Amino acid sequence: MRRFWAIALSCVLLLLSGCGAAAPEELTLFAMDTYMTLTACGDGAKDALEEAAQRINALEQLFSRTREDSDVSRLNRQGSASLHPETAELLSLSLSCAEATGGAFDVTVAPLVTLWDITGDAPRVPSREELDALMPLVGVEHLHLHGTDASLDAGCAVDLGGIAKGYASDQVAAIFAARGIRSGAVSLGGNVYVCGTRPDGTPWRVAVQDPQGAGCACILSLQDTFAVTSGAYQRNFTAPDGTVYHHILDPATGAPAQSDLLSVTVLGASGSVADAYSTALFVMGQQQAESFWRAQGGFSLVLITADGRVRCTPDLSEQLTLSEDTSYVLEVISP
Ligand code: AMP
Ligand code: MG
């Protein structure tokens, strides 16, 4: 009998069908404030998953903003720190992504993330005065990185929440490659990496969640790629007046991005970059996101717009199928 696992995650669902004759190895863990599911097939799969889980936990120990002894917490608290090479590497990549996206992705939004506390215990809507007081602290010019030595201007802080899971998925991919895993699929809270094909040679099936419902909007047939979704529906809180505030902040306004997009899925060869870009392109909105894709290249896109369209880049048109029961309309983004 054909087996299906539908792994319901915050944004991307992996539809996994069997590992051929051998049972797939599966591992789930809670790390980086999200549920993670890892599957690998073939010889050495169990060891690969265990190493991957250890690696993810070690990265959380470096990048967490809630663990007091993490690299990021030390830097934010002390204003300067000598960092683990991986923390420095991820901060350096974050700076490149900030530059590439014109500041739509910006890890120095941390003071605003703390103020809103959307994913924390006490979310609230700050006053304009409170936001204005913190806006001068936001901007990558406040982060100074020299090798593994980092410093921040007074009052500034960094938050790697928009890129850390993507980085972790890159590391899982490296572990799979080093251990000879040729078939596997992982979802780190919606940051998906699919390794090779399914053992029967067919592509993995990755479902993009319907941001407005419980099901999925479309399914992608993928192999050897990263797929990362950002969306307003993933983490948010409802204020007493009924307004919903989500967790992706526009560094230009200090408030949750007023996007005409419901979700952005970025596919490419780097989990870290796909993660940073999915956050940034959500902030940008449809037109700017599509212009960015035309100008930048090197990745693919699935945008779900607030007015009910699923817009994909031309390279995905053969790989994307709308869900049967969905009212979304499929459109291909012009090159
Ligand atoms: P993601 O789910 O990857 O889109 O990342 C969202 C998380 O990244 C938030 O929960 C914040 O911790 C952080 N964040 C919010 N807005 C931004 C932004 N514009 N640039 C970088 N990180 C952000
Ligand atoms: Mg992101």
Side-chain angles (χ1 to χ4, degrees), residues 9-12 32-36 60 63-66 70 72-73 76 90-91 93-120 123 131 134-135 137-140 142-143 156-170 187-193 209 211 226-237 245-259 261-268 270-285 288-289 292 299 301 303-304:
L9 295 158
S10 59
C11 43
V12 178
M32 299 185 171
D33 203 24
T34 192
Y35 288 97
M36 302 186 168
E60 178 175 22
F63 303 151
S64 169
R65 224 154 68 85
T66 50
S70 75
V72 165
S73 292
N76 287 342
L90 191 53
L91 281 174
L93 182 62
S94 298
L95 291 175
S96 311
C97 290
E99 191 183 352
T101 62
F105 179 81
D106 187 340
V107 293
T108 69
V109 291
L112 293 167
V113 174
T114 304
L115 181 65
W116 284 91
D117 200 26
I118 303 233
T119 58
L131 290 173
L134 296 187
M135 290 299 282
L137 305 176
V138 177
V140 285
H142 298 301
L143 169 62
C156 299
V158 292
D159 177 339
L160 292 174
I163 192 169
K165 292 194 289 287
Y167 183 84
S169 70
D170 284 330
S187 179
L188 314 184
N191 283 239
V192 167
Y193 164 62
Q209 188 169 323
F226 296 86
V228 182
T229 299
S230 285
Y233 63 94
Q234 292 169 334
R235 287 166 185 239
N236 49 48
F237 91 101
Y245 295 90
H246 63 77
H247 70 134
I248 302 174
L249 303 181
D250 183 345
T253 65
Q258 298 278 322
S259 187
L261 297 171
L262 299 180
S263 79
V264 174
T265 301
V266 175
L267 300 99
S270 159
S272 315
V273 173
D275 195 357
Y277 281 8
S278 67
T279 306
L281 271 58
F282 183 86
V283 172
M284 289 180 192
Q288 218 187 318
F292 181 79
F299 65 94
L301 265 184
L303 305 178
I304 302 187

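Atoms within a ligand are numbered from 1 in the order they appear, just like the ligands themselves. Treat the numbers as computed from the prediction; the structure is a model and nothing was measured.
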**Q** With a 4.5 Å cut-off on side-chain heavy atoms, are Leu188 and Thr34 touching?
**A** no

**Q** Quick check: does any side chain N or O of His246 sit under 3.5 Å from a backbone N or O of Ala257, one acting as donor and the other as acceptor?
**A** yes

**Q** May I ask you to identify, for Asp106, whether its side chain, its backbone, both or neither come under 4.0 Å of ligand 1 on a heavy-atom basis?
**A** backbone

**Q** Got a donor-acceptor contact below 3.5 angstrom from the Trp116 side chain to the Gly254 backbone?
**A** yes

**Q** Check ligand 1 against Pro251 and write out every atom of the ligand that is under 4.0 Å from a heavy-atom position of the residue.
**A** 19 (N)

**Q** For a 4.5 angstrom cut-off between non-hydrogen side-chain atoms, does Cys156 reach Thr108?
**A** no

**Q** Tell me, do Tyr277 and Thr101 make a side-chain contact under 4.5 Å, heavy atoms counted?
**A** yes

**Q** Show me the pairs that pass salt bridge (Lys or Arg N to Asp or Glu O under 4.0 Å) and involve residues 156-170, at least two apart or across chains.
**A** Arg65-Asp159

**Q** For Ser230, take its heavy atoms, then give the atoms of ligand 1 lying under 4.0 Å from any of them.
**A** 1 (P), 3 (O), 4 (O)

**Q** Considering only non-hydrogen protein atoms, determine which one is nearest to atom 23 (C) of ligand 1 and report residue, atom name and distance to 0.1 Å.
**A** Val109 CG2, 3.7 Å

**Q** How far is atom 10 (O) of ligand 1 from its nearest protein heavy atom, and which residue and atom name does that atom have?
**A** His247 ND1, 3.1 Å

**Q** Under 3.5 Å between some N or O of ligand 1 and some N or O of Gly162?
**A** yes

**Q** Could you work out, for atom 16 (N) of ligand 1, the closest of Leu249, Asp33, Leu160 by heavy-atom distance?
**A** Leu249

**Q** Closer than 3.5 angstrom, by distance alone: can the side chain of Ser169 be matched with the main-chain N or O of Tyr193 as a donor-acceptor pair?
**A** no

**Q** Below 3.5 Å, N or O to N or O, backbone or side chain included: is there any such pair between Thr119 and ligand 1?
**A** no

**Q** Between ligand 1 and Ala104, is the shortest N or O to N or O distance under 3.5 Å?
**A** yes

**Q** Under 2.8 Å from the Mg ion (ligand 2), which protein atoms of type N, O or S occur, listed by chain and number?
**A** Gly162 O, Asp275 O, Asp275 OD1, Thr279 OG1

**Q** Taking salt bridge (charged side-chain N to carboxylate O under 4.0 Å, His left out) as the definition, give me every residue that meets it alongside Asp117, ordered by chain and number, with sequence neighbours left out.
**A** none

**Q** Any idea which protein heavy atom is nearest atom 1 (P) of ligand 1, and the distance to it?
**A** Thr279 OG1, 3.3 Å

**Q** Atoms of ligand 1 less than 4.0 Å from Asp159 heavy atoms?
**A** 11 (C), 12 (O)

**Q** Taking 4.0 angstrom as the limit and counting only heavy atoms of Asp275, give me the atoms of ligand 1 inside it, by number and element.
**A** 3 (O)

**Q** Is there a side-chain contact between Leu91 and Leu160 (heavy atoms, below 4.5 Å)?
**A** yes

**Q** Could you label the plane-to-plane angle of the Tyr167 and Phe63 rings as parallel, tilted or perpendicular, counting under 30° as parallel and over 60° as perpendicular?
**A** perpendicular

**Q** Tell me every residue that passes side-chain contact (heavy atoms from CB on, under 4.5 Å) with Thr66, counting only those two or more places apart in sequence or in another chain.
**A** Ser64

**Q** Take Leu301 and Phe292 through the side chain to side chain contact (heavy atoms under 4.5 Å, CB included) test and state the conclusion after the steps.
**A** CA-CA 11 Å; Leu301 265 184; Phe292 181 79; over 6 Å; no

**Q** Would you say Ser278 and ligand 1 have an N/O pair spaced under 3.5 Å apart?
**A** no

